[in-house]
Amino acid sequence: MSVTAHLTIKNVTRQFSVDSQTITALQDVSLSVTEGEFVTIVGASGCGKSTLLRLGAGLDAGHQGEIRHRGNVVLGPSLDRGIVFQEPRLFPWLTVERNIALGLENAGVSKAEKKRLVKEHLELVGLTGFAKAYPHQLSGGMAQRAGIARGLVNRPDVLFLDEPFGALDAITKAHLQGELQSIWSKEKITMILVTHDVDEAVFLGDRVVVMSPRPGRIREIVPVNLPRPRERTSSAFGEVRAHVLQSLNGTASLAETRATAGETKPVLPRPAIAAVG
Ligand SMILES: Nc1ncnc2c1ncn2[C@@H]1O[C@H](COP(=O)(O)OP(=O)(O)OP(=O)(O)O)[C@@H](O)[C@H]1O
Ligand SMILES: [Mg+2]
């Protein structure tokens, strides 16, 4: 893996004003993601995970600090940065295949290539046979899978995924986690995935970013130095999972991070500010 800083989030603070009150969704968040890295993010509801992804994708602004992709300041959305939203956000008046094809809008591919890619991605997420269906004819999990297909279809340089498997049953989820991992390792897309599922975070991530709420901060970054494909039932996997869980609860120590991650190089220290929650 290259060590180029591919996506850099530097001292990002994002505040919202609600009812004349200021909500600090993110406070002084810094994260440097290398090209082809798979970073997963976990944290309690409301700690700013979606806000961070939207800023990274260029769908939100109004932050302090700086976000750069390939060295350029992120000023707005780009085809190079895809996002799979927490809710699928399909256009209700378009069929599933046309919703997926939207991911190729302005991508400069021929009609035939577009058709081939849409078909391939319908298959990938198990929606073959639903190409002509409308979103209201899908279950929540099916709609989410269509959203994943739309995010992947143009093979962006960086893909942000916001709880993409949240509404899926365990078998479909495990299948899609495997598929996502194989696309990632084949195509070397940089992936940043938010999840509430610690198993998923450890299974997929090169590093697991643990966030703490009110205000949203990075509490700790846990490296997952386990070979792929990862064995969820192995004791090494269990140790990293336990560590991430402890960190989420605000109880893990830096020494534990090193031990559980099998690290030889230094682990990013926790912020000096006391962790909340
Ligand atoms: N557009 C907005 N206007 C006002 N407040 C917002 C806006 N977007 C987010 N917030 C606030 O910022 C905080 C972080 O929200 P965010 O959606 O990023 O959390 P999250 O970590 O993704 O939570 P969840 O796990 O529930 O999806 C919350 O307090 C939320 O109310
Ligand atoms: Mg969210």
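Just so you know, ligand 1 is whichever comes first in the structure, and atom 1 is the first atom listed for that ligand. Along the sequence shown, residues are numbered consecutively beginning with 1.
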Salt bridge present between [X] and [Y] (N-O < 4.0 angstrom):
{"X": "Asp60", "Y": "Arg14", "result": "yes"}
{"X": "Arg241", "Y": "Glu239", "result": "no"}
{"X": "Asp162", "Y": "Arg54", "result": "no"}
{"X": "Arg70", "Y": "Asp157", "result": "yes"}

Ligand 1 atoms in contact with [X] (distance to a heavy atom under 4.0 Å):
{"X": "Ile23", "answer": "29 (O)"}
{"X": "His196", "answer": "25 (O)"}
{"X": "Arg54", "answer": "8 (N)"}
{"X": "Gln86", "answer": "27 (O)"}
{"X": "Glu163", "answer": "25 (O), 27 (O)"}
{"X": "Thr51", "answer": "9 (C), 14 (C), 15 (O), 16 (P), 18 (O)"}
{"X": "Val18", "answer": "4 (C), 5 (N)"}

Within 45° of the axis and under 6.0 Å from the centre of the six-membered ring of Phe203, does NZ or CZ of Arg232 qualify? yes
Relative to Trp184, does Lys186 satisfy both conditions: NZ or CZ under 6.0 angstrom from the six-membered ring centre, and within 45 degrees of the ring's axis? no
From the Mg ion (ligand 2) out to just under 2.8 Å, does an N/O/S atom of Ser50 turn up? yes
Using 2.8 Å as a strict upper limit, say whether an N, O or S atom of Gln86 approaches the Mg ion (ligand 2) that closely. yes
Please report which non-hydrogen protein atom sits nearest to [atom], along with the residue it belongs to and the distance in Å to one decimal place.
{"atom": "atom 25 (O) of ligand 1", "result": "Lys49 NZ, 2.7 Å"}
{"atom": "atom 23 (O) of ligand 1", "result": "Gly46 N, 2.8 Å"}
{"atom": "atom 17 (O) of ligand 1", "result": "Ser50 CB, 3.7 Å"}
{"atom": "atom 26 (O) of ligand 1", "result": "Ser45 OG, 2.5 Å"}

Any protein heavy atom nearer than 4.0 Å to atom 30 (C) of ligand 1: no
Is atom 3 (N) of ligand 1 close to the protein, meaning a heavy atom under 4.0 Å from it? yes
Mind checking whether Phe160 and Ile192 have side chains closer than 4.5 Å, heavy atoms only? yes
Answer whether the closest heavy-atom distance between the side chains of Leu176 and Leu168 falls below 4.5 Å. yes
Under 4.0 Å, counting heavy atoms only: does Gly43 come that close to any atom of ligand 1? no
Run the contact test for Met211 against ligand 1 with a 4.0 Å cut-off on heavy atoms, strictly below, and give the result. no
N or O contact, Ala25 vs ligand 1, cut-off under 3.5 Å: no
Between ligand 1 and Phe16, is the shortest N or O to N or O distance under 3.5 Å? no
Between the side chains of Gln15 and Thr24, is a donor N or O closer than 3.5 angstrom to an acceptor N or O? yes
Between Glu163 and Thr195: side-chain donor-acceptor atoms closer than 3.5 Å: no
Tell me whether Arg219 contacts the main-chain N or O of Ser247 through its side chain, where contact means a donor paired with an acceptor under 3.5 Å. yes
Spacing of NE2 belonging to His6 relative to CD belonging to Glu35, to within rounding of 0.5 Å: 5.0 Å
